[in-house]
Amino acid sequence: MKIENQIYFSIVPEWLTESKVSDNAFRVYATLCRFSDKDTGECYPSIKTISARCGKSPSSVKRGIKELKDMGAIKVEPRYIDEKGQTSNLYTVNVITDMGAKSKYDMGGSP
């Protein structure tokens, strides 16, 4: 008998929890953390996959991605396959743990 672990989780840094990001951005970030490589922070799920995983519409996911990109929490790079054009985005999740000072002053929290 094969036992499979059905408990999946992502770890969200405290600086994000303490920031004033929207619910969309928070859920998108947590979903990207779940998909990201533990060493590089890179992942490339589709908008549709992110949407299904975090229970938000594709347009809400896109707004969350923009918010996270604008605040520096993620990096977004388009991925291409020769003649086929863009296939998806490569997301790099910012896994830096010392953004605390930045989050309290630059992201809307109190010092």
Side-chain angles (χ1 to χ4, degrees):
M1 170 155 87
K2 183 178 180 184
I3 299 174
E4 292 186 34
N5 185 359
Q6 295 296 316
I7 300 172
Y8 298 102
F9 61 92
S10 56
I11 298 172
V12 177
E14 194 168 327
W15 62 261
L16 186 67
T17 303
E18 292 177 350
S19 72
K20 295 192 182 250
V21 298
S22 68
D23 176 59
N24 289 340
F26 191 90
R27 293 178 81 149
V28 168
Y29 186 90
T31 302
L32 291 174
C33 284
R34 168 66 182 86
F35 283 105
S36 68
D37 178 90
K38 70 178 183 71
D39 295 321
T40 65
E42 296 178 342
C43 60
Y44 42 91
S46 68
I47 296 293
K48 183 179 178 181
T49 299
I50 298 168
S51 175
R53 288 290 185 130
C54 67
K56 296 287 183 177
S57 69
S59 59
S60 292
V61 168
K62 289 175 186 176
R63 284 192 302 274
I65 288 170
K66 180 180 179 339
E67 184 177 348
L68 292 167
K69 181 180 171 186
D70 290 348
M71 70 185 287
I74 63 171
K75 181 178 172 185
V76 182
E77 300 173 66
R79 297 175 63 224
Y80 295 94
I81 295 181
D82 298 327
E83 297 84 33
K84 293 184 181 182
Q86 186 174 352
T87 60
S88 65
N89 287 324
L90 172 66
Y91 302 99
T92 304
V93 178
N94 184 349
V95 292
I96 297 171
T97 58
D98 69 351
M99 287 185 70
K102 182 177 181 183
S103 69
K104 291 182 181 182
Y105 297 103
D106 297 337
M107 295 181 194
S110 60

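Remember, it's a predicted structure, so these values are computed and weren't measured experimentally.
- Proximity of Y91 to P45: side-chain heavy atoms (C-beta onward) are separated by under 4.5 Å at one or more points.
- Judged by distance alone, the side chains of T31 and R53 never bring a donor and an acceptor atom under 3.5 Å apart.
- Note that OG of S51 is 10.5 Å distant from CZ of R27, once rounded to the nearest 0.5 Å.
- With rounding to the nearest 0.5 Å, the separation of NZ in K62 from CG in N89 is 10.0 Å.
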Residue pair I65, I74: steps toward the side-chain contact (heavy atoms from CB on, under 4.5 Å) verdict: CA-CA 8 Å; I65 288 170; I74 63 171; 4.0 Å; yes
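- Side-chain contact between V93 and F35: absent, with no pair of heavy atoms (C-beta onward) separated by less than 4.5 Å.
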Residue pair V76, L90: steps toward the side-chain contact (heavy atoms from CB on, under 4.5 Å) verdict: CA-CA 6 Å; V76 182; L90 172 66; over 6 Å; no
Could you walk me through whether M71 and L16 satisfy the side-chain contact (heavy atoms from CB on, under 4.5 Å) test, starting with their C-alpha distance in whole Å, then the side-chain angles of each, then the deciding distance to 0.1 Å, before giving a yes or no? CA-CA 10 Å; M71 70 185 287; L16 186 67; 4.1 Å; yes
Show the numbers, then the answer: is there a side-chain contact (heavy atoms from CB on, under 4.5 Å) between D37 and C43? CA-CA 6 Å; D37 178 90; C43 60; over 6 Å; no
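- Around OH of Y44, the count of heavy atoms belonging to other residues, nucleotides or ligands within 6.0 Å does not exceed 12.
- Note that CD1 of I47 and OG of S60 are 11.0 Å apart. Values are rounded to the nearest 0.5 Å.
- Using a 4.0 Å cut-off between charged side-chain N and carboxylate O, K75 and E77 make a salt bridge.
- Here the shortest heavy-atom pairing between C54 and V28 reads SG-CG2, 4.3 Å.
- Residues I50 and L32 have side chains in contact (heavy-atom distance under 4.5 Å, counting atoms from C-beta outward).
- With contacts defined as side-chain heavy-atom distances shorter than 4.5 Å, the pair S46/S88 does not qualify.
- With hydrogens and angles left out, the side-chain atoms of S36 and E42 include no donor and acceptor closer than 3.5 Å.
- Of the possible polar contacts, one joining the N94 side chain to the G72 backbone as a donor-acceptor pair under 3.5 Å is found.
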